[in-house]
Participant: 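Pasting in a structure now, in structure tokens, and then I'll have a few things to ask.
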Amino acid sequence: MNEKDALDKSYDPEAIESKWYDFWFRKGYFRPEFRKDGFPYTITIPPPNVTGELHMGHALQHAIHDTVIRFKRMQGFRTLCLPGTDHAGIGTQMKVEQQLWEQEKKTRHDIGREALLKRIWDWKEKYGSTIFRQLREMGCSYDWSRERFTMDEGYVKAVLETFVRFYEKGWIYRGKRMVNWCPQCGTVISDLEVEEKEVKGHLWHIQYPGIGEGPDVVVATTRPETMLGDTGVAVHPLDMRWQKAVGKQVMLPLMNRPIPIVADDYADPEMGSGAVKVTPSHDPNDYEVGQRHHLPEIQVIGLDGKMTDAAGRFAGQDRYVCRKNVIAELEALGRMVKVDDHTHSVPHHDRCDTVIEPLPMEQWFVSMRDLADLILPVLREKQIVYVPDRFREYSIEWLTNIRDWCISRQLWWGHRIPVWTCDDCHQVIVSVDFPEVCSACGSQKLIQDPDVLDTWFSSALWPFATLGWPDETEDLKLFHPTNLMITGRDILYLWVIRMIMTAEEFVGEIPFKTVLVHPTVQTRDGRRMSKSLGTGIDPRELIGRYGADATRLSLLYQCGSSQDIRFDAEVKDNHLQDSPIAEMCRNFCNKIWNASRFVHMNMADRDLADVSLTVLPDDLTDLADRWILSRFHHTAEQMTQSLEAYRFDEAARTLYDFVWSAYCDWYVEMAKVRLNGGDVVARKKVQSVLCVVLEGMLRLMHPLVPFLSEELWQKFPHRGEALIVAPWPEGDRARFDGVAEEEMALMQGVIGAVRNIRGTMRIPPGIRVTVLLKPSSASAAQTLEATKTYIAELARIENLTIGTQVIRPEASASAVVGEVEVFVPLSGVINLDVERQRLTKEIGGLEKAVMGLDKKLGNEAFLKNAPADVVEKERQRRDEYQNALSKLKENLSVLAG
RNA sequence: GGGCGAUUAGCUCAGUUGGUUAGAGUGCUGGUUUCACAUACCAGAGGUCACUGGUUCGAGCCCAGUAUCGCCCACCA
């Protein structure tokens, strides 16, 4: 062994993480080209928004991505995990505008389109590269040579191509509809970007006096300022109270405008007076009522959220200031009949939290019905598997009630809508390339639509546009459909469904075979993790403190089947205080490090370049060896299953148990006996098993903890050049050894019993005790004899006697383990009272168990109905407990006497 | 208003098709600086599995309802 290869005393993540990423990258392991054969396995990552840096949700998402892709790579697939970023129209423009205002007190209009776009591109460069750096710090083995951005040259082409094809199919149309206007962002948004929030407000009841024959009408509203735009009052056609009123007029207070009473189904007779005010320009329902009755549209609230000239003397007031003023004036006029407290849902923009103003506007829409019908069979027939499956059901539900999608945005950052209007003949031209001249009249005065497309319109092409579509590239042929889409549930409709639609339409394939919906990361008390709430943490803080491997593992360890992860970290003002689970994972990494260090230290007499150390000796008879191999192969099989099922928590736990509880706590401890026993052959043998199992263990942990495992793997005998591309251990059932596991359990039980006595009696580890073991069967006796040295060492025993004829020493502590009675002679070391207490407690537990079983076995219904093997099993257990119980009682009575 | 998920030890969570005295980590108590690791080792205490019914020989697990928390969908004043 070379001295410089020795392992440091403790594990230092920083020292090893930096070097391996570069090594893997340089060797080209992240690229599918690294393998010449094998089935392709593809994942395109959900492109993070270039709005900012990655948060804990991303950290989880990419821990999963990289774990899966490393697992598949080791299984021999030609793996491609394709990274990229999303331009995130509204989000990014908002950030840059904010910055512009904070730093220079300027708006986008002050600097103009070109200058703003320049700044956004700078922003994109900065955050885009930060994001990729963060991913590399986490160890993500993505193919950076295929990195994409939703606004790079080729991608823009795909987006425009899509628009034109949709348009030609009649699926994109321009029309006037009620849309969601965000006065803050100055753009329309789609229904999916609206977040309904419960708000405590009021319900104001206002009296509109009748004109002539028209009766006085009381209407109720949650938005009094909209009354300025009322152009009618509706009542239900079958409402007896109002039949005579229909066709008459009332006077709109404050505006002194006569408005008609119309009959419309929309009015609910059960609500209030049964009459409802109609504001066609500011309410989706009223808009439709207005259409049906040809009521004029009077827009009193403008695009800036302030009252328009149509609001008369209220013009220029902010909509909420105006509300107060309207209420005050109505009260002064005596028209405010009453005010009720009222909680109702109010639409907010999900990005900026501003209250949405519904307005009728001319916009571009995608007609969704045909696209929905195109993919409904795909979901119904489970051509795409959702994990968990319920999200597939929700998607079907959503598609069934789908509405058209507003895709134009009044923003500057994004894909310009490829539509030109001829200024001379007003011809509309839709084309991927700039048309130069009007195809109808030849004019060069072409004006492009000023709007850009919804970000999600471009994201919808992600899996195939990143592989080269609309060109028929080799990548597209080889890697599409992709295998897995790993995403949060918040964008299942916004994004995932639309990807399926576009892939079906343009590529004629599903875009991915499986959708894995991962949990949402929350704070430890179940709140949202967000910087504005002060509850966010930067994954880099975790990495800095516990290392990238431990950070990944801590996320995976908490990533089970539940819909949320309450990340256990203590957070204060967006900074990490501490995280018990990350600490546990860091300790686990250190444990692995030290187990390796132990093996390394015990290889001084071996040549570590000798690959024969990677092969098991074929004559393994020692219980410890057979047992650890059996455990290893069970672990490998279990981990394979867990990873295939995307149960990362289970995989992490399985690994943890094997490494810590099996390999370290038992095998390494037992190995010491033969390592130091002086028998050269035995020593060589145990060295081999230590090495082989350690090497296999490193392979099993690599997808979860890539840096640490590669570092250690390189220090031990191995085949191949890097762990990242070493074969995955699937688990060999031929190595399962039930007998070894049973014998080991007996030995562990006996050692546990002695330790329990020692612990209860407070016997310091330094003192070795005398122990007598009395097996009641030949097989138990044999097991004890075979493991005698192990028992003596691990239970710290000086004189160990084993025999069926053993006679209980007079004053002794005792225990029963299956077919073995354990005696520890007291001889002064032991406190009799304590032993009596211990036995009494043990007896109490056994009595309870025996009583329960007696009751069960005395129940004729149980004997009659339960399967015979269950009954038999219960009988055996009962006998076993009873046997232990009577022996312990006997021992207690001796002590008492 | 509709749908879904969660509720197990002080805390964060596991718990396969119903069948041992319900587990882990952390925290707590006691003991150890034993030649890989004090980021460790050994032992111990700690739970009416949210509640109420039901199905069953048998329920943490299946069914119904209730409560609390969370998520999604929904144009009702």
Side-chain angles (χ1 to χ4, degrees), chain A residues 7 9-11 178 196 203-205 219-223 234 266-268 271-273 275-278 283-288 342 344-345 347 358 388 390-391 393-394 397-398 401 489-490 492-493 520 522 524 526-527 546 557-558 560-568 579-581 583-602 649-650 653 656-657 661 664-665 668-669 672 676 752 755-766 796 845-846 848-850 852-853 856 859-867 869-871 873-874 876-877 880-881:
Chain A
L7 278 72
K9 190 169 177 183
S10 70
Y11 153 66
M178 207 61 181
E196 297 285 346
L203 195 56
W204 285 276
H205 299 259
V219 294
T221 181
T222 54
R223 303 186 59 197
Y266 168 65
D268 180 356
M271 299 284 296
S273 68
V276 59
K277 66 195 267 311
V278 181
D283 183 281
N285 292 308
D286 293 9
Y287 182 72
E288 286 175 19
H342 185 65
H344 58 128
S345 60
R390 61 174 182 275
F391 292 107
E393 312 261 355
Y394 301 159
E397 179 68 22
W398 187 76
N401 305 309
R489 61 180 183 276
D490 50 334
L492 286 174
Y493 309 144
T520 306
Q522 297 180 341
R524 57 174 299 144
R527 290 190 296 158
Y546 303 106
Y557 190 86
Q558 297 178 82
S561 55
S562 77
Q563 66 173 2
D564 298 313
I565 289 177
R566 296 187 172 197
F567 198 83
D568 77 327
S579 159
I581 290 186
E583 195 174 316
M584 169 186 97
C585 293
R586 193 266 323 261
N587 294 352
F588 177 59
C589 289
N590 184 60
K591 189 73 180 175
I592 296 162
W593 178 270
N594 273 289
S596 307
R597 181 166 178 260
F598 169 81
V599 176
H600 211 268
M601 287 167 79
N602 283 284
D649 61 329
E650 206 174 68
R653 233 187 320 275
Y656 188 98
D657 284 349
S661 312
C664 294
D665 286 352
V668 164
E669 291 308 316
K672 286 174 183 172
N676 305 324
R755 283 174 173 175
N756 177 291
I757 290 168
R758 296 183 62 117
T760 320
M761 301 300 156
R762 313 261 151 82
I763 302 173
R796 308 197 62 74
L846 281 169
K848 203 179 127 198
V850 170
L853 285 167
K856 204 171 187 179
N859 183 348
E860 283 189 27
F862 171 70
L863 299 175
K864 205 175 77 188
N865 294 318
D869 60 319
V870 171
V871 176
K873 213 169 127 194
E874 299 293 65
Q876 280 177 13
R877 275 177 49 214
E880 202 177 301
Y881 290 158

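None of the values given here were measured: they were computed from a predicted structure. Proteins get letters first, then strands, A, B, ... in listed order; numbering begins at 1 in each. Values reported hereafter were calculated over all heavy atoms of this structure, with side chains retained and with hydrogens, waters and symmetry mates removed.
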Participant: Could you state the CG-C1' distance from N401(A) to C72(B), rounded to the nearest angstrom?
Facilitator: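 Result: 14 Å.
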Participant: Heavy-atom nearest nucleotide on RNA chain B for S561(A) versus R223(A): which residue maps closer to 5'?
Facilitator: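 That would be S561(A).
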Participant: Classify the ring geometry between Y493(A) and W398(A) as parallel (under 30°), tilted (30 to 60°) or perpendicular (over 60°).
Facilitator: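 The rings of Y493(A) and W398(A) lie parallel, inter-plane angle below 30°.
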Participant: For R796(A), answer base if it contacts any base atom (sugar-phosphate contacts may also be present), sugar-phosphate if it contacts only those atoms, and nothing otherwise; contact means non-hydrogen atoms under 4.0 Å.
Facilitator: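 Result for R796(A) = nothing.
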Participant: Quick one: side-chain hydrogen bond (donor to acceptor under 3.5 Å, both in side chains) partners of D649(A), sequence neighbours excluded?
Facilitator: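 Testing D649(A) for side-chain hydrogen bond (donor to acceptor under 3.5 Å, both in side chains), a comparison that skips the adjacent residues, returns R647(A), R653(A).
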Participant: Using side-chain hydrogen bond (donor to acceptor under 3.5 Å, both in side chains) as the criterion, list what pairs up with E874(A), not counting sequence neighbours.
Facilitator: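 Partners of E874(A) by the side-chain hydrogen bond (donor to acceptor under 3.5 Å, both in side chains) criterion, ordered by chain and then number, come out as K856(A), R877(A).
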Participant: If the condition is salt bridge (charged side-chain N to carboxylate O under 4.0 Å, His left out), which residues does R597(A) pass it with, not counting sequence neighbours?
Facilitator: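 So R597(A) forms no salt bridge (charged side-chain N to carboxylate O under 4.0 Å, His left out) with any residue.
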Participant: Dot-bracket, 5' to 3', for RNA chain B please: Watson-Crick or G-U pairs under 3.5 Å, [ ] where pairs cross earlier ones, | where the partner sits on another strand, dots elsewhere.
Facilitator: (((((((..((((.....[...)))).(((((.......))))).....(((((..]....))))))))))))....
Participant: Which residue lies toward the 5' end of RNA chain B, E669(A) or N859(A), if each is placed at its nearest nucleotide?
Facilitator: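 Upstream on the strand: E669(A).
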Participant: Where along nucleotides 17-25 of chain B does protein come under 4.0 Å, by heavy atom, of base (B) or sugar-phosphate alone (S), with - for untouched nucleotides?
Facilitator: --BBB---S
Participant: Check salt bridge (charged side-chain N to carboxylate O under 4.0 Å, His left out) between E669(A) and all other residues, then give those that pass, not counting sequence neighbours.
Facilitator: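 Partners of E669(A) by the salt bridge (charged side-chain N to carboxylate O under 4.0 Å, His left out) criterion, ordered by chain and then number, come out as K672(A).
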Participant: Considering residues at least two apart in sequence or located in another chain, which fulfil the salt bridge (charged side-chain N to carboxylate O under 4.0 Å, His left out) criterion with K591(A)?
Facilitator: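 For K591(A) there are no salt bridge (charged side-chain N to carboxylate O under 4.0 Å, His left out) partners, ignoring immediate neighbours.
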Participant: What pairs with S273(A) under side-chain hydrogen bond (donor to acceptor under 3.5 Å, both in side chains), at least two apart in sequence or on another chain?
Facilitator: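 Once residues adjacent in sequence are excluded, S273(A) has no partner under the side-chain hydrogen bond (donor to acceptor under 3.5 Å, both in side chains) criterion.
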Participant: side-chain hydrogen bond (donor to acceptor under 3.5 Å, both in side chains) with S579(A): which residues, sequence neighbours excluded?
Facilitator: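 Applying side-chain hydrogen bond (donor to acceptor under 3.5 Å, both in side chains) to S579(A) gives D568(A).
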Participant: Can you list everything that forms a side-chain contact (heavy atoms from CB on, under 4.5 Å) with R524(A)? Sequence neighbours excluded, please.
Facilitator: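 Residues passing side-chain contact (heavy atoms from CB on, under 4.5 Å) with R524(A): E570(A).
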Participant: Within the 4.0 Å limit for protein heavy atoms, which parts of nucleotides 39-44 of chain B are touched? Write it as a string from 5' to 3', B for base, S for sugar-phosphate only, - for none.
Facilitator: BSSSSS
Participant: Which residues satisfy the side-chain contact (heavy atoms from CB on, under 4.5 Å) test with R758(A), sequence neighbours excluded?
Facilitator: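 Checked R758(A) against side-chain contact (heavy atoms from CB on, under 4.5 Å); matches are V754(A), I763(A), V769(A), R796(A).
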